[in-house]
Amino acid sequence: MTEAKPGTAPQPIFRKDYRRPDYTIDRVDLRFELGENFTTVHASLAVRRMHDTPAGAPLVLDGENLVLKRVAIDGRELPADHYVAGPTSLTIADPGAAFTLTTVVEIRPQDNLELSGLYRSSGNFCTQCEAEGFRRITYFLDRPDVMARYSVVVEADRARYPVLLANGNRVETGELDGGRHFARWDDPFPKPCYLFALVAGDLRCHDGEFVTRSGRTVRLEIWVEPDNIDRCAHALRSLQAAMRWDEDTFGREYDLDIYMIVAVSDFNMGAMENKGLNIFNAKYVLARPDTATDDDYDGIESVIAHEYFHNWTGNRVTCRDWFQLTLKEGLTVFRDRLFSADMGSPAVARIGDVLALRTNQFAEDSGPMAHPIRPESYIEMNNFYTTTVYEKGAEVIGMMRTLLGAAGFRRGMDLYFERHDGQAVTCDDFRAALADANGVDLEQFGRWYSQVGTPVVRARGDYDAAARAYTLTLEQAPPRGRDGGELLHIPVAVGLLGPDGPLALRLSEETAASGDTRVLELRERSRSFRFEDVPAAPVASLLRGFSAPVELEVERSDADLARLMAADPDEFSRWDAGQELARRVLLRLAGDVEAGRELALDREFVAACARILGDERFDGSLKALALTLPNERLLGQQQQVVAVDALHAARQFAVRALARALREPLLAVYKATAPQGPYRIERAEVDRRKLRNLALGYLVALGEPDLIRLAVEQFELSDNMTDSEAALACLIDHGGPERDSALARFHARWHKDPLVLDKWFALQAVSTHPDTLDRVLALADHPDFNLLNPNRARSLLGAFGLRNQHQFHRQDGRGHALVADKVLALDPHNPQVAARLVAAFNPWRRFDAARQQSMRAQLERIAAQPGLSKSVREIVDRALAPA
Ligand code: B3K
Ligand code: ZN
């Protein structure tokens with residue numbers, strides 16, 4: 001591994017080193033003179049020395065890529081020997097106890113390809129400050145525990161930038177000389193600087209309103225580029241639904257008179273919750289039936305809600321330091337999940353979340369980037385906006401709600417807001433509020449915040465026929481490959497199935513119960529629970545609703561799983577049992593592939609799938625989820641060494657064998673679910689489309705001309721993107737002339753529409769077709785490919801490197817080389833996105849020697865790159881560090 005030169009290696013920051021700041025800032029007055037070549041930022045900061053800071057302590061402000069033009073204290077220019085302006089800071093010796101610091105800096109938003117700080121997208125100005133982008137705008141104490149009131153003046157050319165926005169309320173507008181104009185915005189709520197936002201551009205507004213439960217009318221504005229004005233209705237409806245839901249569910253009312261959302265085309269992540277002025281990746285705002293899929297509609301609803309919910313969990317109560325990120329993110333993901341479950345089907349929502357958790361978070365937690373939901377150290381904070389902090393963080397909140405019950409959780413949330421409104425606090429403060437409001441002890445539970453890896457829960461059941469008693473023994477063990485660790489407090493939701501269905505549960509002790517589910521609390525290494533009055537040997541339904549983010553180890557026969565699949569009243573558990581069965585079947589097939597044995601699909605499994613297809617209790621979405629075989633990445637996690645080619649061959653075989661066995665029922669389903677009218681985004685219709693497209697996928701896999709025709713027709717005739725995209729995906733996997741002509745038509749129709757064109761790239765990148773790598777290579781040189789646009793880079797390279805296990809990990813190493821080349825090309829411009837992409841190499845130790853060698857060589861090549869960003873450096877150094 002290449003070592004960075006001593007002294008130049010970026011240093012980690014540790015949670016244990018947290019110190020409150022020496023100074024704080026109470027008021028901020030900013031004036032932006034936006035220009036074509038550069039922008040001038042005037043800042044006046046009301047600074048105050050903290051009472052226990054020794055007099056004479058220097059004031060050290062953060063600043064990056066700023067050209068300092070002026071610095072003054074209380075209106076007097078500061079002599080040059082009173083301050084030092086370095087590459088990342090401005091240090092002022094002995095500034096006094098309370099004063100106004102004025103700085104003037106020049107910045108160059110037009111050259112800002114990192115998309116952090118103030119930058120340009122489609123000719124407009126916008127900002128992204130979380131985590132540490134504000135320091136790229138002006139000198140500041142860029143840390144979340146410094147909360148100030150802001151007043152912001154934005155000045156720009158009126159013709160080019162008719163719309164000028166910032167946080168809070170617009171209090172003044174006016175004309176200036178030379179065709180320029182200005183707007184002044186005041187935000188009455190103190191906020192950390194990461195929530196600052198500014199937008200200037202030629203935008204159109206789709207507006208609406210919301211009347212709060214206390215009767216205030218809030219103006220809602222969705223700002224988009226002029227061409228997109230007909231794609232905002234769903235975003236507005238989602239916002240209104242989220243506002244109502246947060247009042248009804250958590251008693252949280254919106255606080256300003258205006259709430260704005262701006263959609264931009266160049267954005268590093270999904271969206272940003274800036275106070276009163278959210279800035280969004282256009283992908284999570286814009287939707288029209290012919291351009292957005294059902295999943296896009298869902299994504300928009302949940303991201304709009306997520307950012308809105310941050311107004312209370314994140315903005316009104318924020319994080320003391322960045323180690324506490326899950327305080328706002330885990331909690332807000334949890335809130336947006338509750339919301340999505342309430343808006344649609346709870347089981348479908350839960351299955352989607354658990355699938356993503358197991359595929360992505362479990363993998364992260366067993367690789368070189370494993371970290372607790374509250375990390376102990378980081379080099380680049382932006383690398384820690386992870387699935388662990390977000391999704392596992394949400395699971396941890398969910399477990400507390402399971403333990404406290406919905407009402408107890410609400411009491412805890414109320415106390416949290418009552419205690420901490422307007423403060424920057426820690427994860428421990430949150431847990432204390434939940435514990436205190438309910439008079440319970442969550443000390444042991446707190447270990448979830450420092451524990452790394454996915455814990456294992458082993459279960460064993462013993463039935464005593466004479467005593468009619470069933471004893472369930474639960475045991476916790478450290479994550480695979482890690483030893484030691486402290487005992488966790490784990491809620492395990494269980495039910496028992498008797499021969500005639502679910503059993504009423506009689507436990508020898510009291511536990512939280514809902515219906516036929518009991519929540520067992522495991523705090524010990526091992527504990528037994530005795531169920532009385534059990535008439536016959538039951539099958540245990542364990543971890544219902546995935547009550548804890550653990551790996552469950554339990555001996556169950558295929559027949560037990562089939563019984564759970566058929567009879568468990570919990571929809572999630574029915575799905576989960578089916579996935580477990582499918583996983584076994586596929587892993588056995590992969591073994592057969594490797595051993596060169598003839599392949600045959602398990603008959604019982606086929607029968608179970610046939611039953612699901614005809615099961616009236618399952619809606620179309622649940623059927624589609626239940627009949628989708630586990631993906632290759634998930635299967636690989638179950639193997640000692642990921643058998644890339646064998647897994648792929650096994651899964652491809654199983655898809656075709658299942659399609660052959662169920663050809664007639666699938667065809668019948670496909671015909672019976674034909675659309676009866678124009679596209680409607682409503683639940684029954686979404687279910688219908690999900691099932692129909694699932695059937696289409698299996699049918700096309702058979703490769704029969706008549707069945708391919710179905711996809712071609714659907715592609716040509718559909719009035720909506722859900723059905724066209726699904727048909728196109730089938731045709732791409734199939735290959736041949738149908739693929740080429742469909743791709744050409746799709747491109748001709750949509751090449752001017754960036755979000756739709758992203759789909760065109762992504763579908764080709766995730767294809768199972770054997771020529772995928774060559775096509776991805778060619779697409780990387782396509783005139784429409786743009787590495788610098790994050791959505792486009794993700795649609796081709798992210799999709800390929802992070803989702804297409806079989807093609808990315810080709811034996812010949814060309815997939816690895818392609819992604820490494822692009823990481824190196826992107827890193828000098830946008831290190832944040834490059835760091836996401838290089839994470840594709842993280843699991844390298846899980847593969848065979850040849851593939852390990854290939855990935856390691858690419859990682860070393862990247863590590864050796866002079867001037868590598870600290871974002872990418874942190875990821876590759878961790879990947880290469882001894883395991
Ligand atoms: N808080 C932002 C994420 C910021 C990422 C900074 N690299 C969006 C969200 O989670 O709501
Ligand atoms: Zn968030």
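Read the numbers this way: they start at 1 and go in the same order the structure lists the ligands and their atoms. Everything numeric in this text was worked out from a predicted model, so none of it was measured.
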Ligand-residue contact atoms, ligand 1 with [X], heavy atoms, under 4.0 Å:
X      : value
Glu273 : 1 (N), 2 (C), 8 (C), 9 (C), 11 (O)
His310 : 9 (C), 10 (O), 11 (O)
Gln832 : 7 (N)

TODO: Evaluate the ring pair (Phe, Tyr, Trp, His ring centres under 6.0 Å) criterion for residues Trp322 and Tyr194: first the C-alpha distance (whole Å), next the side-chain angles of each, then the deciding distance (0.1 Å), finally the verdict.
DONE: CA-CA 11 Å; Trp322 289 122; Tyr194 80 84; 4.9 Å; yes
Considering non-hydrogen atoms of the protein only, which is the closest contact for [atom], and what is the distance?
atom                    : result
atom 10 (O) of ligand 1 : Tyr390 OH, 2.5 Å
atom 8 (C) of ligand 1  : Ala271 O, 2.9 Å
atom 7 (N) of ligand 1  : Asn382 OD1, 2.8 Å

TODO: Please answer whether the main-chain N or O of Ala271 pairs with a side-chain N or O of Asn281 as donor and acceptor at a distance below 3.5 Å.
DONE: no
Open item on the list: Determine whether the aromatic ring centres of residues Tyr150 and Trp185 are separated by less than 6.0 angstrom.
Closed with: no
TODO: Please confirm whether Phe32 and Phe196 have ring centers closer than 6.0 angstrom.
DONE: yes
Task: Region of Lys328 engaging ligand 1 - heavy atom pairs below 4.0 Å - done: side chain
Task: Per-residue contact class, Met269 against ligand 1 - non-hydrogen pairs under 4.0 Å - done: side chain
Shortest-distance N/O/S atom, [X] versus the Zn ion (ligand 2):
X      : value
His306 : NE2
His310 : NE2
Glu329 : OE1

Task: Pick from Glu130, Glu307, Gln128, Met272: the one approaching atom 1 (N) of ligand 1 most closely through a non-hydrogen atom - done: Glu130
Open item on the list: Quick check: do Val163 and Val199 have side-chain heavy atoms less than 4.5 Å from each other?
Closed with: no
Task: Test salt bridge (Lys or Arg N to Asp or Glu O under 4.0 Å) applied to Glu391 and Arg358, step by step - done: CA-CA 10 Å; Glu391 276 78 30; Arg358 286 183 177 149; over 6 Å; no
Task: Arg792 bridged to Asp758 by N-O distance under 4.0 Å - done: yes
Task: Test: Asp187 and Arg149 ion pair at under 4.0 Å - done: no
